[in-house]
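The structure appears right after this line, and notes come after that.
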Amino acid sequence: VSDAHLLKQLANPDFFVLVALHGPEVIGCMSVYAIHQYYSTRPQAYLYDLAVTSPQQGKGVGKGLMRYACVHFAALGYESLYVQAHASDKGAVAFYRATQPTEAKSVHHFSYTLSR
């Protein structure tokens, strides 16, 4: 991906990057998109990606990012924050369950690859 594309994305007011630092080092990050709804005046936050460096995994960095994101987006007036995880990704499912969300049951995610 080009630097120009990354700069354009970072300038997008509906795209957020939250980072966890240890001194000057980034040890965790998440990307979040604002989803504006037609049936509510309050947007939702869609957590697209969350990553923690291998040496820091299991030390609460991801849970800290989740707590911060919930507080941050609540303060901005968002209705909810949601994330999807593939059922086959046992680590991700266990992580998100450990953050005590309201869990949807039997949801299927459908994706359409769009050609140009």
According to a hydrophobic-cluster definition based on side-chain heavy atoms being under 4.5 Å apart (Ile, Leu, Val, Met, Phe, Trp, Tyr only), do Tyr48 and Tyr82 belong together? yes
Once you round to the nearest 0.5 Å, how far does OG of Ser31 lie from CG of Leu50? 8.5 Å
Starting from Leu114, walk the hydrophobic network (Ile, Leu, Val, Met, Phe, Trp, Tyr; side-chain heavy atoms closer than 4.5 Å) and list everyone else you reach, by chain and number. Phe110, Tyr112
Heavy-atom closest pair (Ala45 atom, Val32 atom, distance to 0.1 Å) is CB-CG1, 3.7 Å
Check: residues 92-103 side-chain donor-acceptor pairs under 3.5 Å, at least two apart:
unit_1: Arg97; atom_1: NE; unit_2: Glu103; atom_2: OE1; d: 2.9
unit_1: Arg97; atom_1: NE; unit_2: Glu103; atom_2: OE2; d: 3.1
unit_1: Arg97; atom_1: NH2; unit_2: Glu103; atom_2: OE2; d: 2.9
unit_1: Thr99; atom_1: OG1; unit_2: Tyr96; atom_2: O; d: 2.6

Among residues at least two apart in sequence or on other chains, which ones pass side-chain hydrogen bond (donor to acceptor under 3.5 Å, both in side chains) with Ser80? Gln44
Determine whether more than 12 heavy atoms belonging to other residues, nucleotides or ligands lie under 6.0 Å from atom CG of Asp49. yes
side-chain hydrogen bond (donor to acceptor under 3.5 Å, both in side chains) partners of Ser40, counting only residues at least two apart: Glu79
Residues in side-chain hydrogen bond (donor to acceptor under 3.5 Å, both in side chains) contact with Gln56, at least two apart in sequence or another chain: none
Group every Ile, Leu, Val, Met, Phe, Trp and Tyr by side-chain heavy-atom contacts under 4.5 Å, then state whether Leu76 and Met30 land in the same group. yes
Counterpart residues, side-chain hydrogen bond (donor to acceptor under 3.5 Å, both in side chains), relative to Gln84 (two or more places apart): Tyr46, His109
For Leu81 versus Ala69, what's the shortest heavy-atom pair and its separation? CD1-CB, 3.8 Å
Solution key, residues 4-27 side-chain donor-acceptor pairs under 3.5 Å, sequence neighbours excluded:
unit_1: Asn12; atom_1: OD1; unit_2: Asp14; atom_2: N; d: 2.8
unit_1: Asp14; atom_1: OD1; unit_2: His36; atom_2: NE2; d: 2.9
unit_1: Asp14; atom_1: OD2; unit_2: His36; atom_2: NE2; d: 3.4

Quick one: hydrophobic cluster around Tyr38, which other residues, with the 4.5 Å side-chain cut-off, linked directly or via members? Tyr39
Contacts satisfying side chain to side chain donor-acceptor pair (under 3.5 Å) that involve residues 58-72 (not counting sequence neighbours) are none
